Amino acid sequence: MAEAEAVAEAEPVAEEPRTVFADLGLSEKLLRAVEESGYKHPTPIQEQAIPIVLMGRDVLGCAQTGTGKTASFTLPMMDILAGSRAKARMPRSLILEPTRELALQVAEQFVKYGKYLGLTHALLIGGESMDDQKAALEKGVDVLIATPGRLLDLFDRGRILMADCKLLVIDEADRMLDMGFIPDVERIGSIIPALRQTLFFSATMAPEIRRIADAFLRNPKEITVSRPATVATTITAGLFYVPEMDKREALRRLIRREQVQNALIFCNRKRDVDILYKSLKKHGFSVGALHGDMDQSARFATLNAFKANEIRLLVCSDVAARGLDIGGLSHVFNFDVPFHSEDYVHRIGRTGRAGREGHAYTLATPEDGKLVQAVEKLTGAPIPRMEIEGMEPITEAEIAEAMTRKRGGRGSRADAGRGERSGGRDRHGRGRERDRDERPRRAAAPPATPAAEEMTEERPRREEARRRDERPRREEARRDEQPRRDEARRDEPRRDRERDDHRRRDRDRDDLGPPVRGFGDDVPAFMLIPIPRPRKPRAETGAPEGDAAEAA
DNA sequence: AAAAAAG
């Protein structure tokens with residue numbers, strides 16, 4: 001896997017005689033499995049970490065995926081554990097991973113390299129039935145590979161006894177921190193024996209990470225491995241400024257014009273993953289989707305199909321940004337500029353691996369100017385601006401203007417991701433001041449005029465509506481049923497444009513909206529009182545513009 | 001502001 005590749009990649013570069021796995025003190029059985037997988041030479045982190053781990057010492061490893069990090073702890077762990085057996089409910093080691101996919105990847109390595117050792121493992125992750133996991137625990141497992149939530153859940157149900165767990169691996173600690181898992185991880189640290197060996201890995205060593213590491217480790221050996229220098233140079237990056245409404249079209253053109261073998265396409269939001277996925281599918285691309293709201297079987301199935309090259313494109317959220325080991329991606333597309341600039345680095349790091357050439361192309365709207373700046377500041381170099389043939393380029397001036405106008409943020413959640421925000425094209429200083437005034441003018445629909453007319457007509461009507469006392473309350477009363485309606489529409493197999501037109505009409509109707517159904521204009525006052533309810537999380541997609549108004 | 005993870 002990652003490690004596998006990293007090992008393979010190191011080979012052609014080799015000039016002087018190098019270490020082989022047999023030099024590291026691993027057992028015969030393990031070496032055989034490693035060799036059968038086709039690897040001879042350990043990567044730098046494997047070379048440094050494996051002997052230390054075998055000595056029983058703690059390790060603080062600063063390394064990213066693709067450096068062979070996983071094997072640097074799985075291999076020696078297996079040798080440490082080999083020879084004795086686990087008792088029921090008493091696992092002997094624990095590996096914590098931030099995402100389910102990563103946990104699965106580690107488990108796959110255990111199967112691959114542990115085949116002659118007769119070690120057992122259990123994969124404790126959410127989204128899957130607990131029964132199998134409980135059964136495995138009951139039989140006794142040597143290695144737990146887990147995400148924090150499910151592990152604690154099972155522990156709290158008394159299915160796991162930690163007394164024998166004397167080897168702990170915390171992988172991707174920086175990501176655990178980002179994802180708010182640290183309290184969970186700390187709790188896990190408190191329920192597992194203090195007398196243990198701990199291996200702690202993180203791609204970065206921010207002060208906060210170091211503090212946590214100090215709490216977990218005893219006199220650790222610190223091992224830092226930088227990415228292979230070749231990686232940076234094998235990625236060709238490019239940045240395309242396009243209006244929000246043209247992003248899907250721009251992406252399609254890009255995909256068609258590039259020699260895309262297989263590509264990840266990142267969106268910032270899960271909803272947009274769904275939307276873009278459907279759109280690409282409709283346009284006949286070989287595509288899958290991956291995000292954390294999908295059920296687990298679909299997540300794994302899609303990922304496997306993608307790895308097996310049955311699907312060429314994978315639209316995903318940042319669940320796939322880090323650590324996922326998907327070999328030989330020709331391209332990474334950022335359909336959105338990531339909110340956090342570090343994520344940019346993680347995302348594009350999925351391509352250009354194993355010494356192969358990679359391409360990382362980012363679509364940005366003029367509103368994304370700030371985010372782009374942040375990315376460029378982090379990477380220390382501007383991303384080369386590129387243009388797409390046949391699409392009107394956006395000028396620097398327009399971008400600059402959008403950035404100064406930006407005060408007040410990106411507009412509503414509701415609008416933001418759908419690719420229909422009026423976006424930077426709204427260049428006459430007009431529609432930006434209030435979200436509620438933004439009309440979702442339609443993407444590729446060429447004539448700007450009808451939409452513009454709509455707007456000028458709309459506005460006075462709305463102003464009037466706003467003045468009326470009961471109006472806002474009516475809107476709110478209707479809001480509750482809106483998401484479901486929009487959601488339903490989203491699934492209609494129509495062309496994007498048509499569909500969005502429908503949606504727009506819906507909203508217009510809302511604004512003047514019939515009040516509560518069945519009462520005409522004589523709605524009892526109490527029915528117009530908005531019912532405060534906790535906002536449903538983003539699963540309720542297609543939130544109406546009403547939300548925007550509220551947010552503003 | 002969003003994503004991940006426990007249901």
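The structure displayed is predicted, hence computed values, not measured ones. The figures that follow rest on heavy atoms only: side chains count, while hydrogens, waters and symmetry mates do not.
One finds no side-chain N or O of A/R299 lying less than 4.0 angstrom from the OP1 or OP2 phosphate oxygen of B/dA4. Under 4.0 angstrom from either OP1 or OP2 of B/dA2 there lies at least one side-chain N or O belonging to A/R269. Contact check, A/T99 against B/dA5: no side-chain N or O comes under 4.0 Å of OP1 or OP2. Under 4.0 angstrom from either OP1 or OP2 of B/dA2 there lies no side-chain N or O belonging to A/S317. A/R100 has a side-chain polar atom (N or O) that falls below the 4.0 Å cut-off from OP1 or OP2 of B/dA5.
In this structure, A/D293 atom CG and B/dA5 atom C1' are separated by 11 Å, rounded to whole Å. For the pair A/D274 CG and B/dA2 C1', the interatomic distance rounds to 14 Å; values are reported in whole Å. Across the protein-nucleic acid pair, A/E342 atom CD and B/dA1 atom C1' stand 14 Å apart, rounded to whole Å. For the pair A/N334 CG and B/dA2 P, the interatomic distance rounds to 17 Å; values are reported in whole Å. Put simply, CG on A/L154 is 16 Å from P on B/dA5, counting in whole angstrom units. Protein atom CD1 of A/I188 is 10 Å distant from nucleotide atom P of B/dA6, rounded to whole Å. The nearest whole Å value for the distance from the CG atom in A/L102 to the P atom in B/dA3 is 18 Å. The nearest whole Å value for the distance from the CZ atom in A/R271 to the P atom in B/dA2 is 9 Å.
Candidate nucleotides B/dA2, B/dA4, B/dG7 were compared by shortest atom distance to the side chain of A/H340, and B/dA2 ranks first. Side-chain proximity of A/D153 to the nucleotides B/dA2, B/dA6, B/dA4 is greatest for B/dA6.
Residue contacts shown for A/G180 are absent, as no nucleic acid heavy atom lies under 4.0 Å away. Across all strands, A/R157 comes closer than 4.0 Å to no nucleic acid atom at all (heavy-atom distances).
With rounding to the nearest 0.5 angstrom, the CG atom of A/D164 is 14.5 Å from the CZ atom of A/R89.
Taking 4.0 Å as the cut-off between side-chain N and carboxylate O, A/E97 and A/K69 do not count as a salt-bridged pair. Under the 4.0 Å criterion applied to side-chain N and carboxylate O atoms, A/R159 and A/D153 are not assigned as salt-bridge partners.
In plain terms, the two heavy atoms of A/V319 and A/R299 that are nearest each other are CG2-NH2, 3.6 Å. Across A/A320 and A/L264, no two heavy atoms sit closer than the pair O-CD1, 4.4 Å.
Put simply, the side chain of A/H291 and the base of B/dA3 share no donor and acceptor less than 3.5 Å apart.
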